[in-house]
Amino acid sequence: MKIAVISGDGIGPEVTKQALKVLDAVSKKYNFSYEVEEVLMGGTAIDKTGIPLPEETVNVCLNSDAVLLGAVGGVKWDTLPGHLRPEAGLLGLRKALGVFANLRPAILFPQLKSASTLKEEVLGDGLDIMVIRELIGGAYFGEKKRIETEEGTKAWDTMMYSAHEIERISHVAFKAAMKRKNKLTLVDKANVLESSRLWREIVFKIAKEYPEVDLSTMYVDNAAMQLIRNPRQFDLILTENLFGDILSDEASMLTGSLGMLPSASLGEGKRGLYEPIHGSAPDIAGQDKANPVAAILSVAMMLRYSFDMEEAANSIEVAVSKVLDEGYRTLDIHEIETKIVGTEMMGDLIAERI
Ligand code: NAD
């Protein structure tokens with residue numbers, strides 16, 4: 001197993017260090033070996049090489065089985081032109097890796113229920129939803145234009161999808177459903193949009209290859225409402241880029257804790273890019289205050305999706321849950337009567353519980 005590691009900027013290196021600590025503990029327990037190669041991207045790459053995504057980084061990532069990323073960005077590089085900013089490195093890397101499916105779990109551990117904005121009775125035993133968002137098609141990438149006419153300025157964006165783009169992400173979604181509860185909801189606007197009607201046609205065609213998965217559909221306006229009214233009705237949501245951008249943020253914020261949520265971006269084949277959903281948090285960088293759980297759970301996703309090591313992935317999630325049960329919290333999730341620990345200690349506790 002070859003893993004490219006991009007620690008990045010701000011809290012990136014701190015949380016990535018804990019993620020690698022936990023990976024080491026898991027590898028000992030499950031008896032597997034792996035190679036790690038550290039590469040540069042983002043602000044640290046700009047400082048050392050002048051550009052946010054050096055060619056060597058792309059090559060190492062392309063030759064790896066998985067990429068683990070901390071976070072990139074920071075005030076220091078905010079005044080650079082767009083193509084030279086740290087975030088340009090991330091977009092470039094996603095493109096180079098061809099990752100078209102973004103998997104974002106919204107997990108609310110029952111121990112952290114009070115962090116959610118939802119009432120306890122709505123949350124039940126906690127939440128575990130995943131949104132799979134198409135990442136490199138639709139309105140964000142279709143033709144866009146602005147013209148001056150006699151009636152004034154007009155602008156448009158084109159929400160276009162090819163059957164191929166829908167097919168490939170459908171396979172990712174059905175396979176992910178089979179690793180979860182065999183339940184998939186396609187979210188679209190098929191009552192109005194032609195592109196949504198194509199999504200339905202293709203997704204239902206692909207569904208025949210996965211008879212064990214229970215597929216249903218929901219209009220996006222209803223889905224936005226249902227996520228707040230009764231989020232536990234969902235297990236896995238599949239949707240196009242624009243809808244997914246909005247719904248995945250809505251779903252993750254139901255859990256109320258940025259520092260707890262991992263993500264995976266997948267393409268054809270098994271290689272994936274795994275990263276916490278949070279940014280580089282410059283306000284707490286270098287102070288041993290960052291919550292490393294999102295980075296640690298990103299390792300669990302990596303083991304599950306790139307290496308098919310379900311049991312090892314579960315062991316990480318169980319260890320996180322145990323540490324929460326014992327009352328340990330980083331500053332961002334602490335409440336009265338819990339024990340505050342730093343980044344390093346949180347990593348140690350989780351690694352020990354493996
Ligand atoms: P952010 O996610 O970095 O921080 C938002 C708030 O959440 C801050 O108060 C921060 O302290 C807190 N926070 C974030 N992660 C935390 C953690 N693990 N533990 C405890 N608290 C945590 O978002 P921002 O402030 O909007 O952006 C800061 C920088 O990060 C910017 O340069 C931005 O472009 C970049 N960014 C990068 C990524 C990425 O690398 N994928 C994603 C988002 C933002």
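Indexing begins at 1, ligand by ligand and atom by atom, following the structure's order.
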Trainee: Quick one: look up the protein heavy atom nearest atom 33 (C) of ligand 1 and list residue, atom name and how far away it is.
Mentor: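 For this ligand atom, the closest protein heavy atom is E87 OE2, 3.6 Å.
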
Trainee: Who's the nearest protein heavy-atom neighbour of atom 7 (O) of ligand 1, and how far?
Mentor: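 Protein heavy atom with the smallest distance to atom 7 (O) of ligand 1: L258 CD2, 3.5 Å.
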
Trainee: Which label fits W199 and Y161: parallel for a plane angle under 30°, tilted from 30 to 60°, or perpendicular past 60°?
Mentor: perpendicular

Trainee: Under 3.5 Å, is there a donor-acceptor pair between the D9 and S280 side chains?
Mentor: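 D9 vs S280: no donor-acceptor pair found between side chains.
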
Trainee: Taking N or O atoms only and a 3.5 Å limit, does G74 qualify as a polar contact for ligand 1?
Mentor: yes

Trainee: If you look at every heavy atom in P105 and P262, which pair is closest and at what distance?
Mentor: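 Result for this residue pair: CD-O, 3.3 Å.
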
Trainee: Do R133 and F243 meet the cation-pi criteria used here (NZ or CZ under 6.0 Å from the six-membered ring centre, within 45° of the axis)?
Mentor: no

Trainee: If you measure from atom 29 (C) of ligand 1 to every heavy atom of G89, S280, S263, which option wins on shortest distance?
Mentor: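 Result: the heavy atom closest to atom 29 (C) of ligand 1 is in S280.
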
Trainee: Any chance the side chains of R271 and S64 put a donor and an acceptor closer than 3.5 Å?
Mentor: no

Trainee: Give yes or no for whether the N/O distance cutoff of 3.5 Å, strictly under, is met between D78 and ligand 1.
Mentor: no

Trainee: Decide, yes or no, whether a salt bridge links K2 with D65 under the criterion of side-chain N to carboxylate O below 4.0 Å.
Mentor: no

Trainee: When you look for heavy atoms under 4.0 Å from ligand 1, do you find them on the side chain of P282, its backbone, both, or neither?
Mentor: side chain

Trainee: Quick one: do E344 and K17 make a salt bridge, cutoff under 4.0 Å?
Mentor: yes

Trainee: Can you name the atoms of ligand 1, numbered from 1 with element, that are less than 4.0 Å from a heavy atom of A290?
Mentor: 19 (N)

Trainee: Please check whether G73 reaches ligand 1 - meaning an N/O of the residue sits under 3.5 Å from an N/O of the ligand, judged on distance alone.
Mentor: no

Trainee: Looking at atom 41 (N) of ligand 1, tell me if a protein heavy atom falls under 4.0 Å from it.
Mentor: yes

Trainee: Starting from atom 21 (N) of ligand 1, which protein heavy atom do you reach first, and at what distance in Å?
Mentor: I284 CD1, 3.6 Å

Trainee: I need the nearest protein heavy-atom contact for atom 13 (N) of ligand 1: residue, atom name and distance, please.
Mentor: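 Checking every protein heavy atom, the shortest distance to atom 13 (N) of ligand 1 gives A281 CB, 4.0 Å.
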
Trainee: Taking only heavy atoms of A71 into account, list the atoms of ligand 1 that are under 4.0 Å away from them.
Mentor: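 What qualifies from ligand 1 is 40 (O).
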
Trainee: Identify, for atom 44 (C) of ligand 1, the protein heavy atom at the shortest distance, and state residue, atom and that distance.
Mentor: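 Looking at atom 44 (C) of ligand 1, the protein heavy atom closest to it is G279 CA, 3.5 Å.
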
Trainee: Around atom CD of E167, are there more than 12 heavy atoms from other residues, nucleotides or ligands closer than 6.0 Å?
Mentor: yes

Trainee: Can you tell me if T343 and Q18 form a side-chain donor-acceptor pair at under 3.5 Å?
Mentor: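 Distance-only check fails for T343 and Q18.
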
Trainee: Where the closest heavy atom to atom 39 (C) of ligand 1 is concerned, which of I11, N291, L331, L90 has it?
Mentor: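 Checking each option, the heavy atom nearest atom 39 (C) of ligand 1 is found in L90.
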
Trainee: Apply salt bridge (charged side-chain N to carboxylate O under 4.0 Å, His left out) to D125 and R232, showing your working.
Mentor: CA-CA 9 Å; D125 305 328; R232 283 184 296 149; 5.6 Å; no

Trainee: Within ligand 1, which atoms have a heavy atom of H278 less than 4.0 Å away?
Mentor: 2 (O), 14 (C), 15 (N), 18 (N), 42 (C)

Trainee: Work out which heavy atom in L254 is nearest to a heavy atom in P231; give both atom names and the distance.
Mentor: CD1-CB, 4.0 Å

Trainee: For atom 8 (C) of ligand 1, state which one of D332, T343, D283 supplies the nearest heavy atom.
Mentor: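 That would be D283.
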
Trainee: Looking at ligand 1, does any of its N/O atoms fall within less than 3.5 Å of an N/O of E275?
Mentor: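 For ligand 1, there is an N or O atom that lies under 3.5 Å from one belonging to E275.
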
Trainee: Quick one: look up the protein heavy atom nearest atom 35 (C) of ligand 1 and list residue, atom name and how far away it is.
Mentor: V72 O, 3.2 Å

